[in-house]
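Here the structure comes first, spelled out in structure tokens, and everything after it is commentary.
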Amino acid sequence: MTLEEKASLVVGGGLNIPPAMRKNKMFAGMVAQPGTLAANTVNPVPGTAGNTIAIPRLGIPCIVVNDGPAGLRMIGGFGGQKYKCTAFPVGTLLASSWDKDLIFKTGQAYGNDVLEYGVDILLAPGMNIQRNPLCGRNFEYYSEDPLLSGTIAAAMVNGIQSQGVGVSIKHFAANNQETDRQTVNTIASQRALREIYLEGFRVASRESHPWTVMSSYNLLNGKYTSENYDLLTTVLRKEWGYRGLVMSDWGAGKDAVAQMKAGNDLLMPGPNQVSTIIQAVQDGKLDEKVLDRNVEDILNLILKTPRFKNYKYSNKPNTVANAAMSREAATEGMILLKNTDSALPFTKKTKSVALFGNTSYQAYLGGSGSGYVAVAYSVNLIDGLKNAGYVTDEPLKEKYKTYMAENAPKGGDMIANIMGGKKRAPEMPVTDSLAEEMAGKYDIAIFTVGRNSGEGEDRNLDNDFNLSSAEIASINTICKAFHAKGKKVVVVLNIGGVIETASWKSNPDAILLAWQPGLEAGNAITDLLSGKVNPSGKLAQTFPVSYADVPSVKNFPGIEVKDDSTVKRKVVYEEGIYVGYRYYNTFKVKPAYEFGYGLSYTNFTYSNLKLSSTSFAGKIAISVDVKNTGKVAGKEVVQVYLKAPKGDLDKPAEELKAFAKTGLLKPGESQTLNFTINAKDLASFNTDQSAWVADPGRYEVKIGASSEDIKQTTSFTLNRRTIVEKVSNVLMLPLAVSELKSKNQK
Ligand code: BGC
């Protein structure tokens, strides 16, 4: 290969914009200059996010990469409008299933869409830690816990890659907010990084070998992640043994040569860094061997792709089967938060439903930005109820439709509008007379709360995390009217991230957290309401009583800084390892709904907790029996937490170390679940020693139905302080940070 060919291959082919639109000033610098290899490369799949360049002389094809986390985003204005893709449930919902097998099957279905639409690499899953509920992209991500995030991501990656296409797990790393996302400097301790922010990526890379990893936009401890050798090479490749490719996020970082040296093989979307790289090699600033290494990673990736293998994609994925999989996954990850006096499922006498809430008539299937999907169709809750034979009120439907059309905000950001971020009408207030009229006619009421967010923007506290006054008033009005007639009220949450519930949750009889469930939304929600499917999802993140209780509240989204030309913001992770339930449980801050929580239409008992030994030697096997003691079949998510003894380091009250979901247990049926705890599960990251160290003493094993609802406990001992793994002393804090500490230390 010539130097020009090599330099062109490590840089993407530019934004995938139709030739007629390329002269638009808006895209200046993002499209290829005539005569270059990038300009001569045609991305064959319109609307996708990008491609590598082709070198026909050497038989190297361009490969196509595309978003996103819950279904293919084919950008409408860029020719993607002709595609009909499957919208799968958002990442947060999938993680709430706690079911690796289900996620693997969902990944297989998703991989089929990817393959048959001619995409080689899917830019997903997103797996950053949900550090703060206001992060605008939390819906794309899985959890506040790294083990759950990493395990679910691995199952997803294995499912997708089983179809012969690749993924890009993203955004590596510590990209936990959208405010100033391209220029924010994340300051996090080595311990917080190792235990929380890197750990999920480590689990996913070890268990699923993703073809690619996407480095993030942010700086980490003073360096762009895409320019950070220690992150991309020392940790990811040398310590974790990762063998795949690293690509940058779109337009991330500043210094192409530093990115090359760091091991960021591919700069996306390109194409304007080519001359810089050529020049650096010629000037001796970039060793050609480094460039060769990155080229080799790209070529090894290309060799695996369908495009290199000349796969004849059909543009006809298994849409019907994939939608059925999306619906099944949606029902498995929705969470029953409240169910007083068995308000749900609907009884045999429930024939008709008064359906309130804008989103009951126009669901949020998923989020916006790169999380947006070019969706084949959508099923709203009104349609789902009708499909299942329930009677609803046509004039009420018309009222909502008219209200939403008349109150829809005009204009808006062009890009946001074509990528699912179009702002919608505020909630239609429900009047007393309307509620009373409906309470007279219908058996039960449903009110849906809807929320949308996406890339580029964090969420607001008012009218987003907190309900709007129209929403609160409507819930109260509906409850008053229906309760007066002895009828029940159900609130459905069609949301992408955590909201406030504590102030209003006592009013309705039942609350179903439906998240953003993909294209079969209305059918899937109805499956649970009607009892066709028994809810079995559990929270993968905490619902705090108020935003003020969130451990990162003082440090989100950080502070503006003006001392540097590129860095605009600094966010210091002062809460350290105390993210999510690690904080709430250790500092005894009572949440509205805790991590791991979720109800069922049946009950389960736990018994017979056994350990293979009470003294730890290398590993310990745990088993526990779970029995369905209720009246209907159901599945239970079982969580294994460890409480470490006091030792050299401050320790959280408990940490999730394993989990499993039972099969569908019939009433009276039991299942034995088995888990293994390894030495690494006992260890915390000791910064002074750059090592994972397990302290000696008594380890408590807590088997929970949630992080608070512990059903069985036992313990084992570790006799000696054990250094489980030594690692490199990298990614150091650039400044002194006083991290939050509990008293769980000797
Ligand atoms: C997002 C990525 C996405 C990429 C390509 C970026 O703005 O942060 O998640 O994969 O665009 O569309």
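Values below: all heavy atoms of this structure, side chains included; hydrogens, waters and symmetry mates excluded. Keep in mind the model is a prediction, meaning the values are calculated, not measured. Just follow the structure's listing: the first ligand is 1, and inside any ligand the first atom is 1.
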- Please write down residue, atom name and distance for the protein heavy atom closest to atom 11 (O) of ligand 1. Asp249 OD1, 3.6 Å
- Message: Tyr547: which residues meet the ring pair (Phe, Tyr, Trp, His ring centres under 6.0 Å) condition with it, sequence neighbours left out?
- Response: Phe465
- Record the part of Met419 in heavy-atom contact with ligand 1 below 4.0 Å; permitted values are side chain, backbone, both and neither. neither
- Look at ligand 1 and say whether His171 reaches it with a heavy atom at a distance under 4.0 Å. yes
- Enumerate the atoms of ligand 1 whose separation from the nearest heavy atom of Arg137 is less than 4.0 angstrom. 1 (C), 2 (C), 8 (O), 9 (O)
- Task: Give the atoms of ligand 1, by number and element, whose distance to some non-hydrogen atom of Lys170 is under 4.0 Å.
- Result: 2 (C), 3 (C), 9 (O), 10 (O)
- Counting from 1, what ligand 1 atoms have a heavy atom of Tyr217 closer than 4.0 Å? 6 (C), 7 (O), 8 (O)
- So, the side chain of Arg569 versus the backbone of Gly558: is there a donor-acceptor pair under 3.5 Å, distance only? yes
- Part of Arg181 within contact of ligand 1 (heavy atoms, under 4.0 Å): side chain
- Query: What residue and atom, counting heavy atoms only, is the protein's closest point to atom 7 (O) of ligand 1, and at what distance?
  - Reply: Glu455 OE2, 2.5 Å
- Any idea which atoms of ligand 1 are less than 4.0 Å away from a heavy-atom of Arg73? 12 (O)
- Task: Please indicate whether Gln33 has more than 12 foreign heavy atoms, meaning atoms of other residues, nucleotides or ligands, lying under 6.0 Å from its CD.
- Result: no
- Message: Just to confirm my output: which protein heavy-atom neighbour is closest to atom 12 (O) of ligand 1, and how far is it?
- Response: Asp67 OD2, 2.4 Å
- One finds that the ligand 1 atoms under 4.0 Å from a non-hydrogen atom of Met214 are 10 (O)
- Query: Taking the six-membered ring where the residue is Trp, are the ring centres of Phe27 and Phe78 under 6.0 Å apart?
  - Reply: yes
- Task: Run the numbers on Glu455 and Ser370 for side-chain hydrogen bond (donor to acceptor under 3.5 Å, both in side chains), then give the verdict.
- Result: CA-CA 7 Å; Glu455 185 175 344; Ser370 49; 2.5 Å; yes
- Query: Parallel under 30°, tilted from 30 to 60°, perpendicular over 60°: which one fits the rings of His171 and Tyr141?
  - Reply: perpendicular
- Message: Going by side chain to side chain contact (heavy atoms under 4.5 Å, CB included), name the residues that satisfy it together with Gln362, two or more places apart in sequence or in a different chain.
- Response: Met404, Arg424
- Under 3.5 Å: N/O of Trp250 near N/O of ligand 1: no
- Task: Return yes if some donor-acceptor pair links the side-chain N/O of Ser368 with the main-chain N/O of Ser453 below 3.5 Å, else return no.
- Result: yes
